[in-house]
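For reference, the structure is listed below as structure tokens.
Just the heavy atoms: all of them, side chains too, but no hydrogens, waters or symmetry mates, feed the values below. Each chain gets a letter, A, B and so on, in the order the sequences are listed, and its residues count up from 1.
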There are 2 protein chains.
Amino acid sequence: MSTKSKRNLSGCPIDYALSVLGDRWSLIIVRDLAIRGAKTYAELLDGWEGISTNILAQRMRHLESNGIVEKRKNPANWRSSIYELTPKGRDLAPVLAEIILWGGAYNESDSPKNEAYDTVKSDRAKFEAAIRENDEIAQ
Amino acid sequence: MSTKSKRNLSGCPIDYALSVLGDRWSLIIVRDLAIRGAKTYAELLDGWEGISTNILAQRMRHLESNGIVEKRKNPANWRSSIYELTPKGRDLAPVLAEIILWGGAYNESDSPKNEAYDTVKSDRAKFEAAIRENDEIAQ
DNA sequence: CTATCAACTTGCATATTGCAAGTTGATAGG
DNA sequence: CCTATCAACTTGCAATATGCAAGTTGATAG
């Protein structure tokens with residue numbers, strides 16, 4: 001019921017990637033975990049785009065079952081859980097980088113949210129390393 | 001009605017990219033145009049994943065209105081039209097490459113459809129150049 | 001044993017998807 | 001000029017998914 005990708009996969013790596021991330025929200029969530037430093041459910045809910053709570057829960061389940069994120073208890077606050085990218089999830093850093101470069105080059109907007117574009121453009125290796133080391137970059 | 005992305009965009013380049021390509025089919029179509037050498041509506045319909053005709057028409061309209069593909073008459077066959085990637089669409093080559101590398105690394109399948117993975121891995125520059133020059137790479 | 005609060009779930013209206021079948025329109029052949 | 005052909009689509013409709021608002025859960029602090 002939470003499997004996603006009703007249809008059979010073709011075996012193509014792009015089709016596989018889309019079965020995991022091919023919707024309007026999954027990459028936004030990955031971005032928030034990788035770049036914006038979101039760690040809790042509440043922080044993810046509070047992102048720029050305003051995902052609704054049922055969709056967030058559903059997507060987190062899907063991302064978790066596909067090995068992109070994992071959940072653990074917050075040792076500092078018994079109430080909250082901490083979501084983080086797994087190594088597989090952090091390996092999406094180059095994908096994020098290329099999407100940001102493409103989107104930034106063709107996006108009309110020059111809102112402050114375009115900041116990531118400048119970051120990747122000026123030092124892509126650093127951008128990717130920061131995600132790999134699980135650091136926050138900005139905000 | 002064919003606008004896609006009901007919700008407002010945040011201004012983030014990733015969100016912009018997702019408003020254009022963030023669904024189960026758009027990147028499959030781009031792949032078929034960029035890598036598999038599909039040129040006509042019928043060839044796109046006949047892809048590995050079996051998109052249905054109404055969805056294909058809708059997505060082509062969306063990709064066209066977002067400047068990713070363009071349609072022209074086939075000079076050799078008055079009946080058929082030819083779809084091709086625009087420069088903006090061809091600039092997705094690095095995105096495709098990274099997705100293929102990620103998907104290929106984590107995809108269980110080793111069907112012949114995984115061929116693109118080997119191609120990108122062994123000579124990524126050539127892979128991207130082929131798309132930029134609007135050549136077909138394989139099959 | 002009650003209040004708190006992060007993390008969800010549920011109900012329901014609206015929107016999107018997918019299958020199957022039908023339509024359109026330019027022209028080639030009769 | 002009239003009919004068959006065929007690539008490129010529409011259309012109808014049932015099944016799914018999305019999104020909003022409101023409600024529930026469960027551990028623990030006081």
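Residue contacts for B:N77: at a heavy-atom cut-off of 4.0 Å it reaches no nucleic acid atom on any strand shown. Backbone-only engagement by A:S80 is indicated by non-hydrogen atom pairs under 4.0 Å involving sugar-phosphate atoms exclusively. Among the heavy atoms of the strands, none lies under 4.0 Å from B:K73.
Side-chain proximity of A:S52 to C:dT17, D:dA22, D:dC20: nearest is D:dC20. Of the candidates C:dT17, C:dA7, C:dA20, C:dA7 carries the atom nearest the A:Y41 side chain, counting heavy atoms from C-beta on. Listed candidates were C:dT9, D:dT18, D:dA8. Nearest to the side chain of A:T53 is C:dT9. When each of C:dG18, D:dC9, C:dA7 is scored by its nearest atom to the side-chain atoms of B:A57, the top-ranked nucleotide is D:dC9.
The distance from the NZ atom of B:K71 to the CG atom of B:L63 is 12.5 Å, given to the nearest 0.5 Å.
OP1 or OP2 of D:dG19 lies within a sub-4.0 Å distance of a side-chain N or O belonging to A:W25. OP1 or OP2 of D:dA7 has not a single side-chain nitrogen or oxygen of B:K71 nearer than 4.0 Å. For the OP1/OP2 pair of D:dG19 and a distance below 4.0 Å, the side-chain nitrogens and oxygens of A:R24 include no atom meeting the criterion. Between B:Q58 and C:dT17 there is a side-chain N or O to OP1 or OP2 distance below 4.0 Å. Side-chain nitrogen and oxygen atoms of B:Y83 include at least one within less than 4.0 Å of the OP1 or OP2 phosphate oxygen of D:dC9.
With salt bridges taken as basic N to acidic carboxylate O contacts below 4.0 Å, none links A:K126 and A:E133. Classification of A:R124 and B:E98 as a salt-bridged pair holds, one side-chain N sitting under 4.0 Å from a carboxylate O. A salt bridge links A:D15 with B:R24: the closest approach of a Lys/Arg side-chain nitrogen to an acidic carboxylate oxygen falls below 4.0 angstrom. Look at A:R31 and A:E49 and you find a salt bridge, because one of the NZ, NE, NH1 or NH2 atoms lies within 4.0 Å of a carboxylate O, short of that distance.
If B:S81 and A:G50 are placed on DNA chain D by their nearest nucleotide, the residue sitting closer to the 5' end is B:S81.
Between the P atom of D:dT18 and the CG atom of A:D23 lies a distance of 7 Å, rounded to the nearest Å. Taking atom CG on B:N54 and atom P on D:dA14, their separation rounds to 15 Å, with Å as the unit. Atom CG in A:D46 sits roughly 12 Å away from atom P in C:dA6 (whole-Å rounding). Atom CZ of B:R61 and atom C1' of D:dC9 are 9 Å apart (whole Å). D:dC9 atom C1' lies 12 Å from atom CE of B:M60, rounded to whole Å. Rounded to whole Å, the distance from CD1 on A:I82 to P on C:dA7 is 9 Å. Distance, B:L56 CG to C:dG18 P: 12 Å, rounded to whole Å. In this structure, A:I55 atom CD1 and C:dA15 atom P are separated by 15 Å, rounded to whole Å.
Side chains of B:D91 and A:Y106 form a contact here, defined as non-hydrogen atoms less than 4.5 Å apart. Between B:L44 and B:Y41, the closest side-chain pair of non-hydrogen atoms is not below 4.5 Å.
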In dot-bracket notation, what is the pairing pattern of DNA chain D, taking Watson-Crick (N1-N3 plus N6-O4 or O6-N4) and G-U wobble (N1-O2 and O6-N3) contacts under 3.5 Å, with [ ] crossing and | for other strands?
||||||||||||||||||||||||||||||
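Side-chain atoms of B:T86 come within 3.5 Å of backbone N or O of B:I68 as a donor-acceptor pair.
Not counting sequence neighbours, the partners of B:E43 by the side chain to side chain contact (heavy atoms under 4.5 Å, CB included) test are B:A38, B:K39, B:T40.
For the 3.5 Å distance criterion, the side chains of B:N107 and B:Y117 fail to qualify, holding no donor opposite an acceptor. Side chain to side chain, A:S111 and A:N114 fail the donor-acceptor criterion of an N or O pair below 3.5 Å.
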Just the table, please: protein N/O against nucleotides 23-27 of chain D N/O, every pair under 3.5 Å.
none

